[in-house]
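Here the structure is laid out as structure tokens; the discussion comes afterwards.
None of the values given here were measured: they were computed from a predicted structure. Just follow the structure's listing: the first ligand is 1, and inside any ligand the first atom is 1.
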Amino acid sequence: MMGRFLEDPKEIENEVVTKTCGGIIVLPRGHYLHQAASLSPAVMQKRAATACIQCRICSEMCPRFLVGQGFETHKVMRAFAGAQGFEIDAAQAMMCCECGVCELFACPMGISPRRVNVFLKNKFRQDNVQYQGPRNVNPGQRSFREFRKVPTPRLAAK
Ligand code: SF4
Ligand code: SF4
């Protein structure tokens, strides 16, 4: 759910196994995950603008939100889509830990706040933009946290 995607033979050639590698998964070209991982930023933006229904389930199930941080990834989607009048500090995408819950479990529309956040994080790093807002953790603030855990069998079924 959190892995990096490598397709370019040169990138694969330069890759090494380190102690943080959990595993290597080889996927056939055209696999759902391959298609999803190779979406261009322009397509991701179009999907954010047209398919995101702003249901906010991605935020409600996000572990960062559930530990009490102010990060609401549906708002990043809204900003990324270019919605007028809903501007936020998109740099809060830097708080995304790329767990993949929003992408592979929460979103009913099959779109991926995780990939949008990864794209924005890389862009902000290149531009030396830092998230300056609060990062306070306060699990008690979300009383429903206990009921939002993702059951592994349901995740696997999805
Ligand atoms: S769960 Fe999907 S459709 Fe709902 S707000 Fe998040 S990205 Fe948009
Ligand atoms: S990938 Fe990022 S935005 Fe999505 S649920 Fe995980 S921490 Fe939240």
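- Taking backbone and side chain together, C97 holds no N, O or S atom under 2.8 Å from atom 6 (Fe) of ligand 2.
- Among all heavy-atom pairs drawn from F119 and P41, the shortest one is CE1-CG, 3.4 Å.
- Taking the ring centre of F144 as origin, the terminal cationic atom of R148 falls inside the region bounded by 6.0 Å and 45° from the ring axis.
- In summary, of the residues considered (E11, E98, E15), a salt bridge (Lys or Arg N to Asp or Glu O under 4.0 Å) with R4 occurs for E15 alone.
- Looking from atom 4 (Fe) of ligand 1 to the surrounding protein, the closest heavy atom is C55 SG, 2.3 Å.
- Of all protein heavy atoms, the one closest to atom 7 (S) of ligand 1 is P113 CG, 3.7 Å.
- For C107, heavy-atom contacts with ligand 1 shorter than 4.0 Å involve the backbone as well as the side chain.
- Remark: ligand 2 atoms within the under-4.0 Å shell around heavy atoms of G100 are 1 (S), 6 (Fe).
- In this structure, the protein non-hydrogen atom closest to atom 3 (S) of ligand 1 is I53 N, 3.4 Å.
- Not a single heavy atom of A48 sits under 4.0 Å from any atom of ligand 1.
- With hydrogens left out, the protein atom closest to atom 6 (Fe) of ligand 1 is C58 SG, 2.3 Å, a heavy atom.
- Here C52 fails the criterion, with no N, O or S atom under 2.8 Å of atom 6 (Fe) of ligand 1.
- The shortest separation from a heavy atom of F71 to ligand 2 is under 4.0 Å, placing the residue in contact.
- Distance check, rounded to the nearest 0.5 Å: CG of L33 to CZ of F5 gives 9.0 Å.
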